[in-house]
Amino acid sequence: MYTFADLGPAISAGERLNNLVEEIELADTVGLDIAMHVGRILAAAWARPTPQGTGRLVEAGRLGRKSGHGYYEWRNGRPLRPATTGAPPF
């Protein structure tokens with residue numbers, strides 16, 4: 001029998017992953033080019049490095065919902081969830 005203390009770290013990790021997915025979907029929705037531009041402004045203001053994965057997608061023309069492809073594939077204005085196995089698209 002597991003206790004909450006045993007499961008707490010796994011639940012916490014799952015919540016963090018869920019938040020990450022929501023943030024990635026938001027970036028895909030507004031446009032990865034826009035998200036990258038805002039990210040560069042924030043990175044400069046906070047003296048932090050800029051994440052590189054989004055830049056590669058933008059260079060490939062994968063801008064998110066507006067191009068039909070980004071971190072997700074988009075159909076009828078809705079993201080198709082990526083498979084839970086295999087490498088991520090970035």
Contacts under 3.5 angstrom, residues 29-37 side chains, donor-acceptor by atom type, not counting sequence neighbours:
unit_1: Thr29; atom_1: OG1; unit_2: Glu25; atom_2: O; d: 2.8
unit_1: Asp33; atom_1: OD1; unit_2: Lys66; atom_2: NZ; d: 3.0
unit_1: Asp33; atom_1: OD2; unit_2: Lys66; atom_2: NZ; d: 3.2

Item to check | Non-hydrogen atoms of Asp28 and Tyr71 that approach each other most closely | outcome: OD1-N, 2.9 Å
Next on the checklist: Can you tell me if Arg78 has over 12 outside heavy atoms packed within less than 6.0 Å of its CZ?
Outcome noted: no
Item to check | Check against salt bridge (Lys or Arg N to Asp or Glu O under 4.0 Å), Arg65 and Glu73 | outcome: CA-CA 8 Å; Arg65 188 172 116 189; Glu73 299 295 317; over 6 Å; no
Item to check | Sequence-distant partners of Leu42, side-chain contact (heavy atoms from CB on, under 4.5 Å), two or more places apart | outcome: Val38, Trp46
